[in-house]
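Take a look at the structure set out below.
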Amino acid sequence: MLRKLMYSLPDLKQSWLILFLFAGGQFAAAMLQLFVFNVFVGYDFGSGELSDNEKYQAFETAALPLTYALAYIFPLMYLYWKGMRRLNSPFGEQLPEYDSIRLDRPRFGRMGLWAFIPVVILLELAVIILISSLPEGMEMPEWFSSALEQMYGTNIVFNLLTMSVLAPLLEEFLFRGVILTGLMRRMDTWWAILWSSVLFGIAHLNPWQALPAFVMGCLFGWIYVRTRSYWTVVAMHSLNNTLTIMVAAFFGPEVVSDETMQSMFGPQMTYILLAVSALVLAAGIGLINKYITDEKSDLSH
């Protein structure tokens, strides 16, 4: 099955269709969740001690991992169909060697894995701090801020399962493993990274998370192209989401939705953190560029 999914090799037009199917899958999963609650759950609480809204929030929290995974059914079915058609094409389509498009083929060059790990962790932390300064100029509306607080304020186990396990596994497979691999065969490396990151940002379905997701997607995409390591970008994605959940758990969900760096640390400390992060970012990119070569032939035409 994985072989057929990887041989789907979507172009940009097909990648937009995948995004549309993903959004449709999210809507369908939400409607299914509401239907199951109303038909099978909503009438069984009985006690009346909880309001209908509280009942639904409790059910939504418990169902979160399953409904999140269900959102991927439509795009994965499409990709499987595309890959199967390409592999069984009667027209003798010239297909790349499977090893060149395989999901995970890690290489860490002269840097080596154990030197790469601390470098990439510091690099990601620097990007997270730099991204944290972005929302200061784009304030969230109250309804969206409340929705984020509700999401991060729910059961931490379900949040971690969904956002720190399922989201990294599925999103990195779809946007880096499949879409980026397909785009790399049709356009320049950086255009492929940018377009896959644009789609990744839009997939969050709100403008307040789209820009940070785009920036993080560019980092994940670049690291994936350099290392060809799916598990590296999954771990990076998981680290990003887990840090957010931990901040919400220890300092309150309102910190994630309402607080800015300046309100938390003050202007002077914020500027120092941003300056240090920019230096770490430049140094990390320089080290990876120097010690892990860019083998473009792996993914390109």
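- Under the 30°/60° scheme for interplanar angles, the aromatic rings of Trp195 and Trp16 are found to stand perpendicular.
- With hydrogens and angles disregarded, a donor-acceptor distance shorter than 3.5 Å links the side chain of Tyr7 to the backbone of Pro96.
- Cluster annotation: Val120 is connected to Trp231 through the hydrophobic network of ILVMFWY side chains, with a link wherever side-chain heavy atoms come within less than 4.5 Å.
- Taking CG of Leu125 as the reference point, atom CG of Asn240 lies at 9.5 Å (rounded to 0.5 Å).
- The shortest heavy-atom contact between Pro212 and Gln209 is CD-O, 3.4 Å.
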task = Begin from the C-alpha positions of Ile156 and Met246 and carry the test side-chain contact (heavy atoms from CB on, under 4.5 Å) through to its verdict.
result = CA-CA 9 Å; Ile156 190 172; Met246 291 298 102; 3.4 Å; yes

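- Using a 4.5 Å cut-off on side-chain heavy atoms (C-beta onward), Ser8 and Tyr78 make no contact.
- The ring of Phe74 has its center no closer than 6.0 angstrom to the ring center of Phe20.
- Phe173 and Met77 end up in the same hydrophobic cluster when Ile, Leu, Val, Met, Phe, Trp and Tyr side chains are linked at under 4.5 Å.
- A donor-acceptor pair under 3.5 Å is absent between the side-chain atoms of Arg110 and the main chain of Thr293, judged by distance alone.
- Centroid-to-centroid, the aromatic rings of Phe214 and Phe200 stay 6.0 Å apart or farther.
- Within the 4.5 Å cutoff, the side chain of Glu124 has heavy atoms near those of the Phe220 side chain.
- Here the side chains of Asn241 and Thr162 are not in contact, with every heavy-atom distance at 4.5 Å or above.
- Residues Gly201 and Ala213 come closest through the heavy atom pair CA-CB, 3.9 Å.
- Atom-to-atom distance recorded for Ile73:CD1 and Leu21:CG is 12.5 Å, nearest 0.5 angstrom.
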request  = Please report the C-alpha distance between Ser100 and Arg185 in whole Å, then the side-chain angles of each, then the deciding distance to 0.1 Å, and finally whether the side-chain contact (heavy atoms from CB on, under 4.5 Å) criterion is met.
outcome  = CA-CA 11 Å; Ser100 69; Arg185 305 191 68 82; 4.1 Å; yes

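- Rounded to the nearest 0.5 Å, atoms CG (Leu103) and CZ (Arg176) are 12.0 Å apart.
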request  = Any chance you could lay out the side-chain contact (heavy atoms from CB on, under 4.5 Å) test for Leu183 and Trp191, step after step, and finish with the verdict?
outcome  = CA-CA 8 Å; Leu183 294 180; Trp191 279 112; over 6 Å; no

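- Taking the side chain as every heavy atom from C-beta outward, Trp190 and Trp222 approach each other to under 4.5 Å.
- What you find for Gln26 and Leu205 is that their closest heavy atoms are OE1-CD1, 2.7 Å.
- Counting only distance, with no hydrogens or angles, the side chain of Arg86 and the backbone of Trp81 share no donor-acceptor pair below 3.5 Å.
- Checked by atom type and distance alone, the side chain of Ser164 never pairs as donor or acceptor with a backbone atom of Leu161 at under 3.5 Å.
- Under the 3.5 Å distance criterion, the side-chain polar atoms of Thr242 are left unmatched by any main-chain donor or acceptor of Leu239.
- The shortest distance between side-chain heavy atoms of Phe175 and Ile18 does not fall below 4.5 Å.
- Neither Val215 nor Leu279 shares a network with the other; the hydrophobic side chains, linked directly or stepwise wherever heavy atoms of I, L, V, M, F, W or Y lie under 4.5 Å apart, form separate groups for each.
- Ile288 places a side-chain heavy atom less than 4.5 Å from the side chain of Phe116.
- Residues Gln33 and Leu70 have side chains not in contact (no heavy-atom distance under 4.5 Å, counting atoms from C-beta outward).
- Here OG1 of Thr227 is found 11.5 Å from CE of Met111. Values are rounded to the nearest 0.5 Å.
- Distance check, rounded to the nearest 0.5 Å: OG of Ser132 to CG of Leu273 gives 9.5 Å.
- Atom CZ of Phe27 is surrounded by 12 or fewer heavy atoms from other residues, nucleotides or ligands within 6.0 Å.
- Note that CE of Met163 and CD of Glu171 are 9.5 Å apart. Values are rounded to the nearest 0.5 Å.
- A donor-acceptor contact shorter than 3.5 Å links the side chain of Ser196 to the backbone of Ala192.
- The minimum heavy-atom distance between Pro10 and Arg186, with the atom names listed, is O-NH1, 3.6 Å.
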task = Apply side-chain contact (heavy atoms from CB on, under 4.5 Å) to Met31 and Phe35, showing your working.
result = CA-CA 6 Å; Met31 292 299 100; Phe35 172 78; over 6 Å; no

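- A side-chain contact (heavy atoms from CB on, under 4.5 Å) with Ile179 is found for one member of Ser15, Pro75, Ser197 and no other, namely Ser15.
- Listed by first and then second residue, the salt bridge (Lys or Arg N to Asp or Glu O under 4.0 Å) pairs that reach into residues 3-16 come to none, sequence neighbours excluded.
- Heavy-atom minimum distance, Tyr230 versus Val233: O-CG2, 3.1 Å.
- Considering only heavy atoms from C-beta on, Met216 comes within 4.5 Å of Ile128 through its side chain.
- Looking at every heavy atom in both residues, Arg102 comes nearest to Arg228 through O-NH2, 2.7 Å.
- Hydrophobic clustering of Ile, Leu, Val, Met, Phe, Trp and Tyr side chains at less than 4.5 Å, counting indirect connections, keeps Leu166 apart from Phe158.
- Put simply, the side chain of Arg105 gets close to the backbone of Asp99: a donor and an acceptor are under 3.5 Å apart.
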